[in-house]
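First up is the structure itself, then whatever we jot down about it.
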Amino acid sequence: MGLGSFCVLIILIATFITWYGNNKALRVNHALGKDLKLPSLPKYYSFYAILWLIIPSIILILTWYIAKPLILDVLVLSFISEDTIKNFSGDPSMLVDRVKSINIERPFPGTDTNLIEAAVYLKKTLERVQTFTFLSILSLGCFLSFIAIKKINPAFRARQIVEKYNVAILLVCSVVAIVTTIGIVFSLIFEALRFFDKIPLFDFLFGLSWSPQMAIREDQVASQGSFGAIPIFAGTLLITIIAMTVAIPVGLTSAIFLSQYSSPMTRSIIKPLLEILAGVPTVVYGFFAAITVGPFLKGLGDVFSLNIASESALAAGSVMGIMIIPFISSLSDDVISAVPQSLKDGSYAMGATKSETVKKVILPAALPGIVGAILLAISRAVGETMIVVMAAGIAANLTANPLEAVTTVTVQIVTLLIGDQEFDSAKTLAAFALGITLFVVTLMLNLFALRIVHKYREKYE
Amino acid sequence: MVSKKKIKVLTKRVSVFYGDKQAIKDVNLEIYENQVTSLIGPSGCGKSTFLRCINRMNDTIDICRITGKVLIDNDDIYKATLDPVLLRARVGMVFQKPNPFPKSIFDNVAYGPQIHGLTNSKEELEDLVVNSLQKAGLFNEVKDRMNESGTSLSGGQQQRLCIARAIAVSPEIILMDEPCSALDPIATAVIEELIDELMQNYTIVIVTHSMQQAARVSQQTAYFHMGNLIEFGETSKIFQNPKNKQTQDYITGRIG
Amino acid sequence: MEKHIVTNYDLDLDQCKTMIGEMSIYIDKLLVDVVGLVSSKNTNLINGIFRTEEEINKLEKKLRLFTLNVLSKRQPMADDLRAVLITLKISGILERIADHLVNITKKIDHQIKIPEYFSSKMDLEALGKLVSENFSTVINLYKEPSNEVAKEVLRKDMLCNELFSEICKKNLDDISKNNEQKECKFFIEINFIAKEFERIGDLVKNISKEVRYSISGKVR
């Protein structure tokens, strides 16, 4: 019996228990007569019974899946003959892995017959044991929930207990998200720490040169790579600034137009169009930047006898800016629309024109929200990879010239992890160091943005 | 009381339509200078709509259409050559919910004078702001915190700030749309006292849900019902001996 | 007393008091005139009394309209409500006092013959003066309520009542001594006049009751 059929069974049983528990509670209610009643509705009693079925089942199933590999090992080792173990040169646990990997139908020619037999035995036993376990879990659950149904009486207050379990279930689910986040952060931190064992933190944060090549042989040229993160952070900054220079004015003005000036008709056309921009995959933006915008800029530069690299920060940044426009415009549109009509009326009643009202009342009122939107957009831009990979190049130049090729943190992470390499070399670990730094930066931006947005919300409630 | 009253605002057969729905039906009303005129009536009777006709605030609503004439000092405010921006400087408005701008107290009051270019120097502007706040009876409470946000004030203070803001452009008429409905009785009393004082220099029209408030603050009362002006007259007469049965039923709480 | 936030409210309440004060000045004048009339008949005085009574009636009407206005405009509460309420009631009482005084005047006006012997004359004058005095006291009480003054009013009212029964007794004696019918009628008239004064005394006492009600808020 597999997990699938187990789930189907448990759902069937749960349906039955709901029906039975409900009926039982109704019967008890009836038997109690008119004046007296159960303290909770019948459905709470059946729900309580289901809790007794499901919670132990889930816990036991999880335990089973944790314990299963251990049982496997014991089973396999007990089956394989002493000789085979003795003949095997490596650790016995490797033998277990090999047994597990054998395809029973079409074993690899020349495999030890003893091992094949072990595999067949393993498969059969495992199936039997699992079926037995599942069935016992089910019967235990049934037993417990029937006890719960037996317990139905006026002194038993099911609603309060069910409510408590509800809260517990919600808590568990939210804890899962938190634990995942913490897990990611810790994995980043540990790998990054390993990197900082090899390269000093100071060199990483303040070094001016980035060339993460490590020598494979001791005598190779450029045996010592340099890991100064300044150029790539500067590159990220440059591209972000370019992107924001494009996105903020365009996004903001379109938000103002959409929320204040456009007729409902125009709004209903333009807004979805802007949102299509948001739906374009970043890869598409990437090759748009690399194939269309980059060469176009280069050509334009030639006209003015400027030397623009075909992979320039300008191309990547401006396309990234376009990508972020809908982000800024729809967020700012929301906050601008949230400015209460009463404020606008107040301004109009003073004899202000529409543009005066927008400039002097609406924008100041919406400013915290707009700043929040921009900060969120920045953290988005900082984390953007695809466009930069394709359009801005991977050379870590320390330059403020937007016409040259630069690189960003995310691009470097990608290039560091692509290809064959050991996972303990400084080159690979540098990716984690970059990752954690980027993580900290975007986290701070997000916190800052959320705080501002939150402050804004308080104002009108 | 006053022998000869000068008519400040005169409406002739004013009707207002929201799309197909007629909100105001042929209202003829006289509003006298330096008096408080209150508009009462059940919700949705059109009194707020009528109020907003006087400073053309209805212009900001697209589907709103108005017929008839509204004359201020015998001058039609709906004629094509009249700029609503200038009109609104003459006819100030205070709203139901206090709506100070999210700016400092000073900037809130300075807003009107700045957009209309009423002052030539910083000192003049400061004088004007202080003066307006004094007239609104708020200066003593806020003089030490002129740079704090207007939204940090209490509800009653915010409403007086809005009144100061309206006064700052020296209007002739002040429209008040249920100015006390969001305030507690004490703050309401303070505003009512303020209205008593402002009456000396301004013509005030106030929409209120509280008949008691209308009785307290106004000299003239107009009763609206379903977009019609049912009765208009001296407040004391309306509240002691109304001529119309509908008015009587409304003020005595028999219909509503 | 704390001031109201709305200053015009205070002005209205003050106006109530002022109008009662104004009425009471007229009543005071009437009382003095009528007491003077009791001691010696004077036609000028009589005409003046009628005119004053008219003034009082006008004032009473004005005050009624004014209090109505205050009630509808200010919707007074608690002590303010009681203050306005007693203004209305006191003005009614004052108007009735004026009526009683006019009744006395009419009786004196129509009286043709005065007998030589008239033993209660002094007492009647004393009664008039006492009532007049008590009236001033009660108006002071209205303007500035105090327990002492309230007791004083009660004490003086007792005196009035005693004086009234004294007068009745003396008149009865006089009637039994005189056999002439016309003189009998005169003594009965004197009795009525004394009765009117006694009524006025009662009304004065009622004013003090109203004042006490407005202070304590309890109906006794």
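Numbered from 1 within each chain, the chains take letters A, B, ... in sequence-line order. Worth knowing before you read on, the calculation uses all heavy atoms, side chains too, and leaves out hydrogens, waters and symmetry mates.
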Please flag which part of [X] lies under 4.5 Å from any non-hydrogen atom of chain A: side chain, backbone, both or neither.
X: B:V94; answer: neither
X: B:P84; answer: neither
X: B:F95; answer: side chain

Point to revise | A:I336, A:L274, A:T253 screened by side-chain contact (heavy atoms from CB on, under 4.5 Å) with A:L258, the one that passes | key: A:L274
Check your understanding: Is it the backbone or the side chain of A:S263 that comes under 4.5 Å from a heavy atom of chain B, or both, or neither?
Key -> neither
**Study point:** Validation row: B:D127, B:E124 side chains within 4.5 angstrom (heavy atoms)
**Key:** no
Practice item. Apply salt bridge (Lys or Arg N to Asp or Glu O under 4.0 Å) to B:R165 and B:D107, showing your working. Key: CA-CA 9 Å; B:R165 187 174 74 187; B:D107 287 341; over 6 Å; no
Check your understanding: Counting only N and O atoms by type, is there a donor-acceptor contact under 3.5 Å from the side chain of B:R90 to the main-chain atoms of B:P171?
Key -> no
Practice item. Give the minimum heavy-atom separation between A:F439 and A:T442, together with the two atoms involved. Key: O-OG1, 3.1 Å
**Study point:** Most chain A-contacting option - heavy-atom pairs closer than 4.5 Å, from B:R52, B:M93, B:Q114, B:H116
**Key:** B:H116
